[in-house]
Student: 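Take this structure first; my questions come after.
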Amino acid sequence: MHISLKWLRELIDFDASADSLANILTLAGFEVEDIEARSTWADGVVVGYVKSREQHPNADRLSVCTVEVGQDEPLTIVCGAKNVAADQRVAVGTPGTYLPRIDLKLKPTKLRGVKSFGMICSLSELGLAKESEGIYVFDDLSLQPGDDVRPLLGLDDVILDLTSTANRADALSMVGVAREVAALLGGEVALPQSDRDISLLQTGSAVKVGIAETQACPAYIGTVIEGVKIVPSPEWLQSMLDGSGFRPINNVVDVTNYVMLEWGQPLHGFDRDRLISIAGEGPLDMGVRFAAAGETLKTLDGSERSLTPQALVVTAGDKPVAMAGIMGGEETEVQDGTQALKLEAALFAPAAERRSGRSQHAVNSTARTRRTRRKRARARYRPSTNTRR
């Protein structure tokens, strides 16, 4: 699990450095595989204000930008991004800056006859994305040229790659790790408190739940939330998820992942209207049972899965819509047009989850074996094209 020290310090106050904390946790029985100091990724990168943008005189795909970076004189920077424009606030690597994620030391250069001093950066160049279509543009218009971009992008942080033993499931959450740190270093955990009035949430029709396998699923809670709008998450939430190794997707998916990381309780959001199209009109009739032989489910990764009687599934109108505790179904996933959610919080027995997951590996392995046998059989009886005359 990736542990953000910035997030951890919101839960418990401690003075130990990252290296010291890693040693203490290791002596307590955990394994710290890596310490990632993200502040080095953008040391020297500052907020820049694009004062003007002109077409490069000798290149159609390049722009010549005048950028204020808090120095006495603005910098002239040649930029190849399509989305660069005047009046933007951007991340600028000034001359002398080293970007370790792309192994690049910035220095004054000349591009197609025009001198350039620095670089306007994308998220991929700062190590925050695998690919970027263009430069990163800040939405906050109050940012001043020369401001350090690291606290703005969540790069003022250190990440511990922490591995716990199988008997320490309590350490698979930020709250759990905070409690462990409190026990080792002293202090009191400040559990997260919500300042929102949950009575303001628009709740829809009731959800009817029927658990056929109470040992495999001791508890299942579902609620409907209406009036939802799918938008990108705020930058602070995207930063938290990125530091924990999760790719931000949208506000609904991101907040369920955030709760899971913070408390260790997985949540899953279904599109309520797509569930109704499967279950039929009226109160949602949800269930948890083992799959029947011959049933299939297309999961979020696009795979059409053949289910076995060992697979534990969540159902709507008795039709499988998710593999319980493993992966949701593509047919009911939250999408851009989602307007109402059915939110799930459940306890699935670990043994049942493991059997369910292994059943899919067994099915996939059998299918691969059959394909291999068919290929070998076809090769065995295929006429040779190198017959001698």
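Sequential numbering from 1 along the given sequence is applied to the chain's residues. Everything numeric in this text was worked out from a predicted model, so none of it was measured.
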Student: Main chain of Pro309, side chain of Glu295: is a donor-acceptor contact present, judged purely on distance under 3.5 Å?
Tutor: no
Student: Run the ring-ring contact (aromatic ring centres under 6.0 Å, His included) test on Trp236 and Tyr258 for me, step by step, so that the C-alpha distance in whole Å, both residues' side-chain angles and the decisive distance to 0.1 Å come before the verdict.
Tutor: CA-CA 11 Å; Trp236 71 265; Tyr258 181 83; 5.7 Å; yes
Student: Any side-chain donor paired with an acceptor under 3.5 Å for Ser39 and Asp156?
Tutor: no
Student: Could you check whether Thr165 and Asn167, counting side-chain N and O atoms only, form a donor-acceptor pair closer than 3.5 Å?
Tutor: yes
Student: Any side-chain to backbone donor/acceptor pair from His56 onto Leu111? Under 3.5 Å, distance only.
Tutor: yes
Student: Apply side chain to side chain contact (heavy atoms under 4.5 Å, CB included) to residues Ile230 and Val252 and explain how you reach the verdict.
Tutor: CA-CA 7 Å; Ile230 305 301; Val252 170; 3.5 Å; yes
Student: Between Gln310 (side chain only) and Phe290 (backbone N and O only), is there a donor and an acceptor less than 3.5 Å apart?
Tutor: no
Student: Give a yes or no on whether a salt bridge exists between Glu331 and Lys319, defined as a side-chain N under 4.0 angstrom from a carboxylate O.
Tutor: yes
Student: Between Gln238 and Ser233 (side chain of the first, backbone of the second, donor and acceptor by atom type, cut-off under 3.5 Å), is there such a pair?
Tutor: yes
Student: Give me the atom names and distance for the closest heavy-atom approach of Thr94 to Thr97.
Tutor: O-OG1, 2.9 Å
Student: Of Leu62, Val78, Thr76, which meets side-chain contact (heavy atoms from CB on, under 4.5 Å) against Ser116?
Tutor: Val78
Student: Taking it one step at a time, do Tyr49 and Val67 satisfy side chain to side chain contact (heavy atoms under 4.5 Å, CB included)?
Tutor: CA-CA 5 Å; Tyr49 173 70; Val67 186; 5.8 Å; no
Student: Going by distance alone, is a donor N or O of one side chain under 3.5 Å from an acceptor N or O of the other, for Arg305 and Thr299?
Tutor: yes
Student: Is it the case that the side chain of Glu36 and the backbone of Asp157 share a donor-acceptor pair, with hydrogens and angles ignored and the cut-off at 3.5 Å?
Tutor: no
Student: Return yes if some donor-acceptor pair links the side-chain N/O of Arg112 with the main-chain N/O of Ala59 below 3.5 Å, else return no.
Tutor: no
Student: Under 3.5 Å, is there a donor-acceptor pair between the side chain of Gln55 and the main chain of Asp60?
Tutor: yes
Student: Side chain to side chain contact (heavy atoms under 4.5 Å, CB included) between Asn83 and Glu133: does it pass, once the steps are laid out?
Tutor: CA-CA 9 Å; Asn83 64 326; Glu133 294 183 359; over 6 Å; no
Student: Is the backbone N or O of Val231 less than 3.5 Å from a side-chain atom of Asn251, with the two atoms forming a donor-acceptor pair by type?
Tutor: yes
Student: Looking at Glu33 and Thr163, what are the two nearest heavy atoms and their distance?
Tutor: OE2-OG1, 3.0 Å
Student: Would the distance check show the side chain of Arg289 and the main-chain N or O of Asp318 forming a donor-acceptor pair, the cut-off being under 3.5 Å?
Tutor: yes
Student: Looking at Glu333, is its backbone amide N or carbonyl O close enough to the side chain of Gln335 to form a donor-acceptor pair, meaning the two atoms are under 3.5 Å apart?
Tutor: no
Student: Is there a donor-acceptor contact under 3.5 Å linking the side chains of Ser52 and Thr66?
Tutor: yes
Student: I'd like to know if the side chain of Ser173 pairs up with that of Glu262 as donor and acceptor (distance under 3.5 Å, no hydrogens or angles considered).
Tutor: no
